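In what follows, a structure is listed as structure tokens, so that the remarks can point back to it.
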Amino acid sequence: MKREIIIIGGGIVGLSCAYFLQKSGKQVTIIDENDITNSTSFGNAGLLSSFDKTPLSYPGVVLNTLKLMLKGQSPAIIHPTLDLKMYKWLLNFILSANEKRTKKTMMLFEKYGEISLKLYEKMVKEDSFDFDYHRTGMLSVFTEENSYNQKLKKYNYIDEERFKILNNNELKEYLPSATSKIKGAILFKKNAHFDSKRVMLELKRHLQEVGVEFILNEKIENIRVENNKVKHLVSSSKIYEAEQYIMSTGYQTLLASKCNRDLTMIPAKGYSITFEMPKEFIPKTSTIFNDLFIVMTPRRDNVRFTSKLEIGSSDTKVVLKQIESIKKNFFEYNQYFEMKNEELWCGFRPLTPNDIPLIGRDEEIKNLTYAMGLGWLGMTFAPAIGSIITDLVVNDKKNAQSDDILLFSGFFQ
Ligand SMILES: Cc1cc2nc3c(=O)[nH]c(=O)nc-3n(C[C@H](O)[C@H](O)[C@H](O)COP(=O)(O)OP(=O)(O)OC[C@H]3O[C@@H](n4cnc5c(N)ncnc54)[C@H](O)[C@@H]3O)c2cc1C
């Protein structure tokens with residue numbers, strides 16, 4: 001049986017591609033090695049935070065990270081490995097940490113962030129999705145005098161629609177747990193947040209209802225290519241054939257390497273703690289502790305902390321030492337409270353060195369398209385990526401015929 005489109009990987013990126021392809025009248029099949037209940041797309045912070053946000057590799061990142069390492073508060077952990085890919089990635093990361101690249105990336109974040117938020121809002125309206133979506137801004141909190149002063153220099157003008165520098169009373173109103181150790185806070189008004197698990201389950205339910213086929217607990221182990229086309233996908237017991245294939249396997253690059261694609265992307269492990277918080281301490285909106293790289297997201301029934309950026313580890317288990325370190329860093333600057341009914345989680349960001357995703361058609365294998373490398377902003381950009389990929393596939397475009405691919409794909413930068 002030959003299918004029309006097969007998407008390998010049902011994280012937020014695969015589901016978003018399926019959503020827009022199905023809307024364009026395509027028959028879509030999603031194959032996932034798990035049951036779509038707990039990938040990276042489930043346990044993340046759920047910030048839709050592409051406004052006023054510097055990329056991970058910004059000028060000064062190496063020095064700032066070293067300083068935090070000395071204070072014992074660095075979110076970044078690098079495990080030495082024999083894998084040369086990681087060192088190549090690190091070199092590219094350091095080379096990307098320049099003013100010109102940062103400005104360009106921030107411009108792209110804003111453009112595709114706005115497209116995505118509009119698409120999420122349209123999805124909620126048209127398909128009545130319950131995403132627990134709130135466009136109430138993101139509070140950026142500074143625990144280091146230096147980084148706060150740097151930020152103030154950048155935001156030394158007035159733009160009430162975009163941001164507000166909070167005084168102490170306003171900070172307490174937004175973040176009731178704040179202590180006087182916090183140096184300052186800026187509310188960035190254009191950002192949003194939602195409950196990622198809810199988003200994933202809602203999308204999966206909707207796609208099932210509208211007839212998208214799900215083949216779950218089926219790992220694709222190989223890809224057979226013939227005459228510059230994918231002929232079929234191979235699992236342990238079956239083969240799957242389609243006219244078009246989309247690869248959205250998150251941080252996993254094994255299948256891409258079977259197609260001779262060496263993707264410059266590494267897994268960066270992160271953690272979340274979801275818990276019930278005393279009501280009087282619940283923050284008014286999503287809050288990022290900039291210097292600690294800790295995010296706190298209020299959700300309908302609980303609050304979630306996320307943090308850490310661990311490179312060179314493929315351990316899929318939650319390491320309790322890291323959980324304790326997140327809590328220790330948080331309570332250094334916040335009043336103590338009891339965290340009830342904790343749910344601990346870890347997952348891997350598919351991180352490219354310059355935060356630009358790897359999207360577009362394979363230049364040699366005609367019927368294969370990549371939707372990969374969304375890094376720490378996959379929830380933010382997924383609808384934009386889904387609609388760009390749909391435009392390519394439905395309109396049978398080449399990469400060069402899509403302005404979005406030329407602008408926003410790491411294959412061209
Ligand atoms: C701690 C943390 C916090 C984060 N916070 C945010 C945030 O606030 N905002 C934001 O925008 N982003 C955030 N992110 C990033 C975001 O979660 C990711 O960018 C996004 O989830 C990636 O989605 P994906 O679909 O590419 O990958 P995944 O969600 O990993 O999905 C890939 C799927 O492919 C399947 N798969 C892989 N290989 C195969 C195979 N061979 N055969 C079949 N199936 C396969 C997997 O089972 C999986 O279901 C965060 C990430 C972490 C770790």
Side-chain angles (χ1 to χ4, degrees), residues 6-18 30-50 53 56 75 109 112-113 116-117 120 138 191-197 199-200 203-204 214-223 233-236 240 246-258 265 267-274 286-288 293-297 304-310 316 318 322 326 345-352 355 357-359 370-386:
I6 292 182
I7 299 176
I8 318 164
I12 188 66
V13 177
L15 297 192
S16 297
C17 291
I30 296 174
I31 304 181
D32 200 288
E33 65 177 329
N34 296 307
D35 58 357
I36 313 191
T37 53
N38 194 27
S39 65
T40 303
S41 300
F42 280 79
N44 60 71
L47 297 197
L48 308 172
S49 59
S50 56
K53 197 92 180 76
L56 280 188
F109 279 5
Y112 290 100
S116 277
L117 287 196
Y120 273 129
M138 179 189 73
N191 294 303
H193 65 271
F194 57 24
D195 177 342
S196 306
K197 181 176 175 187
V199 172
M200 287 298 290
L203 266 175
K204 186 179 165 196
F214 281 79
I215 302 173
L216 301 180
N217 302 308
E218 181 77 321
K219 182 179 173 130
I220 299 304
E221 292 178 348
N222 211 342
I223 297 193
L233 308 175
V234 185
S235 76
S236 62
Y240 296 95
I246 294 167
M247 194 186 292
S248 53
T249 51
Y251 72 93
Q252 302 195 60
T253 51
L254 188 76
L255 289 180
S257 64
K258 302 234 181 223
M265 188 177 100
K269 189 173 177 181
Y271 292 82
S272 68
I273 316 169
T274 309
S286 60
T287 302
I288 175 159
F293 199 63
I294 294 178
V295 172
M296 175 162 56
T297 318
R304 177 171 283 174
F305 282 167
T306 56
S307 189
K308 299 289 171 192
L309 198 117
E310 213 175 329
T316 54
V318 171
Q322 300 303 345
I326 296 169
W345 173 92
C346 65
F348 295 88
R349 304 168 186 90
L351 211 58
T352 62
D355 286 335
L358 299 170
I359 54 172
Y370 300 94
M372 310 272 286
L374 271 297
W376 56 292
L377 287 167
M379 305 310 289
T380 305
F381 294 130
I385 301 300

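The structure displayed is predicted, hence computed values, not measured ones. Counting starts at 1 for both ligands and their atoms, in listed order. All residue numbers refer to positions in the sequence shown, counting from 1.
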Where is the nearest protein heavy atom to [atom]: which residue, which atom, and how far?
atom                    : result
atom 17 (O) of ligand 1 : Asn44 ND2, 3.2 Å
atom 42 (N) of ligand 1 : Ile220 N, 3.0 Å
atom 2 (C) of ligand 1  : Arg349 NH2, 3.7 Å
atom 21 (O) of ligand 1 : Ser41 OG, 2.9 Å
atom 10 (C) of ligand 1 : Trp376 O, 3.3 Å
atom 34 (O) of ligand 1 : Gly9 CA, 3.2 Å

Give a yes or no on whether the backbone of Ser307 and the side-chain of Ser272 come within a donor-acceptor separation of less than 3.5 Å.
-> no

Side-chain donor or acceptor of Asp32 paired with backbone N/O of Gly10 under 3.5 Å = yes

Out of [options], whose heavy atom sits nearest [atom]?
atom                    : options                       : result
atom 24 (P) of ligand 1 : Ile8, Val295, Val13           : Val13
atom 27 (O) of ligand 1 : Ala45, Gly250, Gly43          : Gly250
atom 11 (O) of ligand 1 : Thr253, Ile385, Thr380, Thr40 : Thr380

Of the side chain and backbone of [X], name the one, both, or neither that has a heavy atom under 4.0 Å from an atom of ligand 1.
X      : value
Glu221 : neither
Leu255 : side chain
Ser196 : neither
Glu33  : both

Decide if atom NZ of Lys204 counts as having more than 12 heavy atoms of other residues, nucleotides or ligands within a radius under 6.0 Å.
-> yes

Phe194 vs Tyr120 aromatic rings, parallel, tilted or perpendicular, using cut-offs 30° and 60°?
-> perpendicular

Should [X] and [Y] count as side-chain neighbours, where that means a heavy-atom distance under 4.5 Å?
X      : Y      : answer
Ile12  : Val199 : yes
Tyr112 : Ser50  : no
Thr274 : Arg304 : yes
Thr316 : Phe348 : yes
Lys53  : Ile288 : yes

Is the closest N or O pair between [X] and ligand 1 shorter than 3.5 Å?
X      : value
Thr306 : no
Tyr271 : no
Gly375 : yes
Gly378 : yes
Met379 : yes

For residues Asp355 and Trp376, is any side-chain donor paired with an opposing acceptor at under 3.5 Å?
-> yes

Search all heavy atoms of Ala45 against all heavy atoms of Val295 and return the closest pair with its distance.
-> CB-CG1, 3.7 Å

